[in-house]
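Computed from heavy atoms alone, side chains included, the values below leave out hydrogens, waters and symmetry copies. Since the structure is predicted, the reported quantities are computational estimates derived from the model, not experimental observations.
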Amino acid sequence: CAGICAAHLDTFTNALNQSASDLGMVDTKIFTPSGRPLYPFSAWCYIDKAETTPYDMALLTIALQSRFPELAAKTMGQARVTSPITSDKTHTNAGLLANYDHIKFVKTGTTTNAGNCLACYSEIRGHKLAGVIMGAHGGYPNNLMLSMLEKAADLIENPRPLPPQT
């Protein structure tokens with residue numbers, strides 16, 4: 001069974017990597033179906049690898065929103081999970097960002113190497129923006145994301161010249 005399972009895992013991750021490449025995600029390499037650590041056969045076969053960049057995650061966020069908007073919308077408060085650690089609480093993927101009408105899609109994730117990561121798609125003041133924060137510690141940086149999106153919209157509306165290089 002181990003050989004068959006490994007073959008299917010390789011086939012699946014190869015397909016994911018091809019799809020990522022097709023989207024232009026040239027700095028992304030997927031090793032497990034979820035990006036989370038995987039123990040396929042035993043502890044000695046532990047896989048805890050995933051490689052990507054904020055730019056590649058922004059490309060993925062934009063592609064998901066444009067190609068599958070109804071699926072993206074399900075992340076905004078409809079998809080709920082009960083944590084086995086805090087079984088008395090129900091969590092949504094979007095968290096507090098679901099309270100903002102301009103936020104259309106949110107994906108959170110955590111890995112050992114990347115820490116807490118947050119990707120979102122926003123249609124703020126008529127501007128379509130993707131935002132990605134990686135490597136946060138102590139929770140998801142919702143307020144920082146909101147601030148970044150506001151500042152990005154401000155810069156689009158009021159461009160400023162770059163300071164001279166020194």
Does the side chain of [X] reach to within under 4.5 Å of the side chain of [Y], using non-hydrogen atoms?
X      : Y      : value
Leu97  : Leu146 : yes
Asn142 : Leu144 : no
Asn17  : Lys29  : yes
Leu118 : Pro141 : yes
Ile103 : Ile124 : no

- [ ] Indicate, with yes or no, if Tyr121 and Leu155 share a hydrophobic cluster defined by side-chain heavy-atom contacts under 4.5 Å among Ile, Leu, Val, Met, Phe, Trp and Tyr.
- [x]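 Result: no, two separate clusters.
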Can you tell me how far [atom2] of [Y] sits from [atom1] of [X], rounded to the nearest 0.5 angstrom?
X      : Y      : atom1 : atom2 : answer
Lys104 : Cys120 : NZ    : SG    : 12.0 Å
Tyr100 : Glu150 : OH    : CD    : 9.5 Å
Arg67  : Ile62  : CZ    : CD1   : 11.5 Å
Ile156 : Leu129 : CD1   : CG    : 4.5 Å
Asn14  : Ser19  : CG    : OG    : 11.0 Å

Task: Residues clustering with Leu59 (ILVMFWY side chains joined when closer than 4.5 Å, directly or via others) - done: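 Cluster partners of Leu59: Leu23, Met25, Tyr55, Met57, Leu60, Val132, Met134.
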TODO: Please answer whether the main-chain N or O of Thr28 pairs with a side-chain N or O of Asp56 as donor and acceptor at a distance below 3.5 Å.
DONE: yes
Task: Asn143: partners by side-chain hydrogen bond (donor to acceptor under 3.5 Å, both in side chains), with sequence neighbours left out - done: none
Task: Ser122: partners by side-chain hydrogen bond (donor to acceptor under 3.5 Å, both in side chains), with sequence neighbours left out - done: His102
Open item on the list: Please tell me whether Gln18 and Asp22 have a donor and an acceptor in their side chains that are separated by less than 3.5 angstrom.
Closed with: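 The criterion, which ignores hydrogens and geometry beyond distance, is satisfied for Asp22 and Gln18.
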